[in-house]
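Sequential numbering from 1 along the given sequence is applied to the chain's residues. Small disclaimer: the values here were computed from a predicted structure and weren't measured. FYI, side chains are in, hydrogens and waters are out, and symmetry mates aren't considered; it's all heavy atoms of this structure.
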Amino acid sequence: MKEYSPIKEGKVREIYDNGDSLIMVATDRISAFDVILKNKVTKKGTVLTQMSRFWFELTKDILPNHMLSVDVNDMPEYFRNENFDGNSMLCKKLTMLPIECIVRGYITGSGWESYKKTGKVCGITLPEGLQECDKLPEPIYTPSTKAEIGDHDENIDFERSVEVLERDFPGRGREYAETIRDCTLALYKKCADYALEHGIIIADTKFEFGLDEEGNVVIGDEMLTPDSSRFWPLEGYEAGHGQPSFDKQFVRDWLKANPDSDYCLPDEIIQKTIDKYMEAYKLLTGEELA
């Protein structure tokens, strides 16, 4: 049996080269504040992969995606075991665009901190008098550059995203920048509306896009997972303060309250975190994860 080693490792994902395709594995690692924590969160990788699968299927009418299969029987023998079953996705190879496409439907996190100081988020002026976690009149697109592990992503405005893309794709920068902006907003609106009907507010999220062999823009990476999004329960939502959440905010809050933790979580925080991920998955898909 042929052995495989990752060609790339991110904070959470491992990517394997499969010739004309890639295999993306979502591990049970968890990161916060751009640091990989010392704990594993059991089944987290499966939740991330299966949630991306769900959203990819729901949005293929808006834009194609890179998913080919989540069945390990469609992958080489090396992947046909419990270490990879459920948390692995066979994907098309894409030329990834060097922009993280962030969309914010509610004002929270770094956006709220910026708004309090300047009335703006990433250079976009917002109405006066917003409260923390208020819904915005319209979702806003706030791209950022992609950072290497250990560095922080840099928020940029739309015109800077044109420049970044033009540098890598001469003559196509503005076209690609407009396409990914418009797709980001369209995807968010469809999925946020769907989630709201199932009891979840998607406060913000990020998408990543790439180009296929024909030069078409395609969704890559992950999609609308608790790792790449802020999910809040609709029940009990009210603006004016922070919200309970289905995502990593739980971990972030604990780390902030325990600065001497050395990025090591207690078992109860790990259990609460995976319970939240599982609950979000069931609410959104109607399915139980084994």
Parallel, tilted or perpendicular: ring planes of Tyr176 versus Phe169, cut at 30 and 60 degrees: perpendicular
Side chain Gln131, main chain Gly129, donor-acceptor under 3.5 Å: no
Centroid-centroid distance, Phe79 to Tyr16, less than 6.0 Å: yes
Within residues 53-66 or reaching into it, pairs that qualify as side chain to side chain donor-acceptor pair (under 3.5 Å) - sequence neighbours excluded: Gln50-Arg53, Arg53-Glu57, Arg53-Tyr281, Arg53-Glu287, Asp61-Lys190
Residue pairs involving residues 76-93 (criterion side chain to side chain donor-acceptor pair (under 3.5 Å); sequence neighbours excluded): Asp17-Lys93
Salt-bridge criterion met for Arg160 and Glu154 (N-O under 4.0 Å): no
Partner of Asp227 under side-chain hydrogen bond (donor to acceptor under 3.5 Å, both in side chains), chosen from Lys11, Lys206, Lys44: Lys44
Close side-chain approach of Ile180 and Val217, heavy atoms under 4.5 Å: yes
No-hydrogen, no-angle side-chain donor-acceptor test under 3.5 Å, Asp275 and Gln271: yes
Cation-pi geometry met for Lys276 and Phe246 (6.0 Å, 45°): yes
Derivation of the salt bridge (charged side-chain N to carboxylate O under 4.0 Å, His left out) call for Lys189 and Glu138: CA-CA 10 Å; Lys189 284 176 181 174; Glu138 279 293 317; 3.4 Å; yes
pair Tyr188-Tyr141: side-chain heavy atoms closer than 4.5 Å: no
Min side-chain heavy-atom separation Asn18-Leu90 under 4.5 Å: yes
Test item: Arg104 side-chain N/O and Thr205 main-chain N/O as donor-acceptor pair under 3.5 Å: no
From CA spacing to verdict: salt bridge (charged side-chain N to carboxylate O under 4.0 Å, His left out), Arg13, Glu222: CA-CA 10 Å; Arg13 281 174 177 68; Glu222 64 184 320; 3.0 Å; yes
Heavy-atom check, side chain of Ile23 versus side chain of Ile15, under 4.5 Å: no
pair Asp74-Leu68: side-chain heavy atoms closer than 4.5 Å: no
Trace of the salt bridge (charged side-chain N to carboxylate O under 4.0 Å, His left out) decision for Arg174 with Glu159: CA-CA 8 Å; Arg174 184 164 295 277; Glu159 289 304 322; 2.7 Å; yes
Side-chain donor or acceptor of Tyr237 paired with backbone N/O of Ile200 under 3.5 Å: no
Donor-acceptor contact below 3.5 Å, side chain Asp204 vs main chain Val103: no
Carboxylate-amine/guanidinium proximity below 4.0 Å for Glu288 and Lys282: yes
